[in-house]
Protein chains: 4
Amino acid sequence: MIRQNHPPVPAVKRAGCTNLGDMNDRSPALLVADTGRGNEAAILNAALAAFGAQGFNGASMREVAKGAGTSLSNLYNYFPSKSHLLAEVLRRANAELEARVRRAVADAGDDAASRMREAVRAYVGFVVDQQLAMLVSTAEVRYLQGEDRSRLVADRDRTQAIFADIVEQGVAGGEFRTPHAADAARAVLSMVNAVATWYRPDGRLSRGQLAEQHARYALALLEAPLPRA
Amino acid sequence: MIRQNHPPVPAVKRAGCTNLGDMNDRSPALLVADTGRGNEAAILNAALAAFGAQGFNGASMREVAKGAGTSLSNLYNYFPSKSHLLAEVLRRANAELEARVRRAVADAGDDAASRMREAVRAYVGFVVDQQLAMLVSTAEVRYLQGEDRSRLVADRDRTQAIFADIVEQGVAGGEFRTPHAADAARAVLSMVNAVATWYRPDGRLSRGQLAEQHARYALALLEAPLPRA
Amino acid sequence: MIRQNHPPVPAVKRAGCTNLGDMNDRSPALLVADTGRGNEAAILNAALAAFGAQGFNGASMREVAKGAGTSLSNLYNYFPSKSHLLAEVLRRANAELEARVRRAVADAGDDAASRMREAVRAYVGFVVDQQLAMLVSTAEVRYLQGEDRSRLVADRDRTQAIFADIVEQGVAGGEFRTPHAADAARAVLSMVNAVATWYRPDGRLSRGQLAEQHARYALALLEAPLPRA
Amino acid sequence: MIRQNHPPVPAVKRAGCTNLGDMNDRSPALLVADTGRGNEAAILNAALAAFGAQGFNGASMREVAKGAGTSLSNLYNYFPSKSHLLAEVLRRANAELEARVRRAVADAGDDAASRMREAVRAYVGFVVDQQLAMLVSTAEVRYLQGEDRSRLVADRDRTQAIFADIVEQGVAGGEFRTPHAADAARAVLSMVNAVATWYRPDGRLSRGQLAEQHARYALALLEAPLPRA
DNA sequence: AATGAATGAGTGTTCATTCAT
DNA sequence: AATGAATGAACACTCATTCAT
């Protein structure tokens, strides 16, 4: 069993370019507020913390129970299995992400560039706010199976399609000149997803700067005309 | 424990934008050729396959042994622990990656754009050739600890620094006009790393097209002047 | 692993002077009565039997579980490790021994000779009643570590100090004329401890004779004036 | 597996009355001088050290090999099994002990008291000189089986019979007045054997004082007339 | 909804021993 | 006499899960 006690990465490393995907020592990301059903929220948050710190297979239901302040066996009154618990955590994380992005796009202007900028800003914002949830979402989906898995894949595809649609719109309208329209959305999403692997709240860039910077990376990548910075 | 028997993801999904990071059903990526020391190479390759298929904590030493065609206990004549085995797999993967990138850059022209293009092409090439190794490298570093961990981080930083140096050179020389030079190398690397999470040998794009496409993404992101496609 | 199937030592040997410290084939010394906590007492008694028969390292938790009539994993609901289990067995054994000796001394007369006689009689009585516990106490303490070890050493020192105090009193009062007061208590304790290594319930001497005899050895060793037998 | 790293017992404990039977941190008792047969002596000495430090079941053949500076498999060119190795160590230890005691008795006067004094002195001397061998002899015989076991028991009985014979002679001749002659030799031997469990080379008493003191204990126990100290 | 006790399958790792060289 | 590679059985311990209460 892996006990992850590794010392905090020294500050100089943080500004480096290493993407290590460390998931420990993050502020307990309260992904789930009270659900009005006993210990449910506590369990979900504890599960997120445990899966984040040890990975799905490295974390134990006992740890989750301890983190939630309840007994091991009580977990099974809320979730029928460890996998279902993971599935529910991931479902909630993606739901919130999708909602935020969709809202941002709806509030943006009509042109593809504005919409892409706002989509990226919302996405990066969520990554910063719910870094642990993003890391777990990325790293642990693979341990889902069957229906739980396909449902999550569908959810995720819906979120990613928002970006793909904007790219399509932009290319069709001549705003984006990338010759690789079909794959560019994926490249943008890879970039912003990866923010979760290296972002540190005490880093050089503020939440807003980070969002703005990635919006520019995205538009540049899509070969939109850029203001001379 | 998760036994991953999930049915193959249908073809239509493959062309979609979902980055699921499935690691199963890949051709056994023979990362390591014979090392001249008994079963060592077989063990390393089996470990890569097992860690890829089940994750570090999901894979068992018994599976590795079976994959390598040797006995469980014999594993420990070669590697003192499961972690060391992982460490060695990752070390070799990164060594090969670094070597390829370094060679490509050395053989490129003197200007930053050419060097970046060749670095990205080599990197993407490695991702395609050793997809499983890249996936495992990304996903399982976190289970390393202590010296094994810090050694690998240092190795990796060296590889990533190649890109950072090229960006710096390009910005200094006016070739790259991105205003966010400090973080741009990381964005590029995120993009190319992510290729491992969705690439399929039978996909729409060939190895060469993929490399070329990502080179263009990278240069665009860095705001290098682009040919009108 | 040693499986102790050696044939019973022939009767003639029993009366000999060999101290072999055989620990098998003794009646299951029910050291612990029901503790009111599930299988706890059964586990402790089974552990005593197993450690006695095979030694701490020779005994396996599976054997203990089998002896206790429960499952291997359930052992860990009661004791966090094999060492802790040993520690608890030894702690209880010494607690009972100390209590018996202390009670005997309290009930004895005021003179050192009476007190020593009663202390020895109580000690030998315990050795006979809980022979296996005494053997295990003597032979397996060394496998304890850290706090468990220091706690037991302290417990044991307290018990032995009872004898040392009586010797001191007797020498101070002129009852004992040994010139080596500082070490004599240890010699007496060595003698009575060793009874556990050779005593057989079906031996020549009864429990009472054994106690009486060792009381006389002790007083003689301390150079107390003896009745002409 | 027990790794005995416990810190050295503090000095104040050493003078106390606790018999813990610690076997670590003793000077490597070179029980066996060169036997003229390759690595044999080194193996035997390493085995003694390993069995002393970890117990028979706690020590591994790998440790013995390392201690002897040879390879694991080479051990089996000298001794057919771990048990035989233990048997040989114990055989040599007892042989040396018996020789020393027999010589001392032969060199003593004719009266039982002198003979007993010299026997005890020789025995204690050996315990001090070969403390580790004595500890291992006492603690690990029980792991011997079959012929190895019975041969050693016979050896040991012969050594102990020397004491029993002296007691018999002394009682018959009126020198010893103990009414419990049949068991007294065993009591004396228990006492001197136990010296191995607490003796420290840097303790309060010298080797000679220790021997002298135990001779007096023995004679007192046997109720021989004593000089007024 | 909540708990403590229980369990069978599994984990990484170590063992004494063997064998080919 | 000496070695490195190999093995099957065993080890202490943990797992997700169930059940009686």
Side-chain angles (χ1 to χ4, degrees), chain A residues 1-2 37-40 43 56-65 68-85, chain B residues 1-3 37-40 43 56-65 69-85, chain C residues 1-3 37-40 43 56-65 68-85, chain D residues 1-2 37-40 43 56-65 69-85:
Chain A
M1 188 56 46
I2 291 295
R37 194 181 162 235
N39 282 326
E40 195 181 37
I43 293 171
F56 177 71
N57 276 316
S60 75
M61 292 297 267
R62 272 168 179 86
E63 285 175 75
V64 174
T70 186
S71 74
L72 170 60
S73 34
N74 197 26
L75 259 44
Y76 290 86
N77 288 322
Y78 291 89
F79 303 95
S81 77
K82 195 185 177 189
S83 305
H84 283 84
L85 181 48
Chain B
M1 195 52 45
I2 290 295
R3 295 281 160 257
R37 197 194 160 217
N39 279 328
E40 195 181 37
I43 294 172
F56 177 72
N57 277 315
S60 76
M61 292 296 267
R62 276 166 183 83
E63 287 176 74
V64 173
T70 186
S71 73
L72 170 60
S73 44
N74 197 27
L75 260 44
Y76 291 85
N77 287 326
Y78 293 88
F79 304 96
S81 74
K82 197 185 178 190
S83 308
H84 283 84
L85 180 49
Chain C
M1 193 52 46
I2 290 296
R3 296 280 160 258
R37 197 193 159 218
N39 280 329
E40 196 181 36
I43 294 172
F56 177 72
N57 277 315
S60 77
M61 291 297 265
R62 271 167 184 86
E63 286 176 75
V64 173
T70 186
S71 71
L72 168 62
S73 44
N74 197 29
L75 258 44
Y76 292 86
N77 288 326
Y78 293 88
F79 303 96
S81 75
K82 197 185 178 188
S83 309
H84 283 84
L85 181 49
Chain D
M1 189 54 46
I2 291 294
R37 197 184 160 229
N39 281 325
E40 195 180 36
I43 293 172
F56 177 72
N57 276 314
S60 76
M61 292 296 267
R62 272 168 180 85
E63 287 175 75
V64 174
T70 185
S71 75
L72 170 60
S73 34
N74 198 26
L75 259 43
Y76 290 85
N77 288 322
Y78 291 88
F79 303 96
S81 76
K82 196 184 178 190
S83 305
H84 283 84
L85 181 48

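First the proteins, then the strands, lettered A, B, ... as listed; each starts at 1.
Looking at residues two or more places apart in sequence or on another chain, you find a side-chain contact (heavy atoms from CB on, under 4.5 Å) between B/Asn77 and B/Asn74.
Taking CG of A/Leu75 as the start and CE of A/Met61 as the end, the distance is 4.5 Å to the nearest 0.5 Å.
Of all non-hydrogen atoms in B/Ala59 and B/Glu63, the two that sit nearest each other are CA-OE2, 3.6 Å. Minimum heavy-atom separation, D/Lys82 to D/Phe56: NZ-O, 2.7 Å. When all heavy atoms are compared, the tightest approach of C/Ile43 to C/Val64 is O-CG1, 4.0 Å. Nearest heavy-atom pair across C/Asn57 and D/Gly58 is ND2-CA, 3.4 Å.
Judged by distance alone, the side chain of A/Tyr78 and the main-chain N or O of A/Asn39 form a donor-acceptor pair under 3.5 Å.
Distance, A/Phe79 CZ to F/dT17 P: 13 Å, rounded to whole Å. Between the P atom of E/dT14 and the CG atom of C/Asn57 lies a distance of 15 Å, rounded to the nearest Å. Rounded to a whole Å, the CD atom of C/Glu63 is 7 Å from the P atom of F/dC11. One can place CE of A/Met61 at 9 Å from C1' of F/dT17, the figure rounded to the nearest angstrom.
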(request) Using a 4.0 Å heavy-atom cut-off, write out nucleotides 2-7 of chain E from 5' to 3' as B (base contacted by protein), S (sugar-phosphate only) or - (no contact). (result) BBBSBB
(message) Could you write out DNA chain F as dot-bracket? Rules: Watson-Crick or G-U wobble, both distances under 3.5 Å, brackets [ ] for crossings, | for pairs with another strand, dot for unpaired.
(response) .||||||||||||||||||||
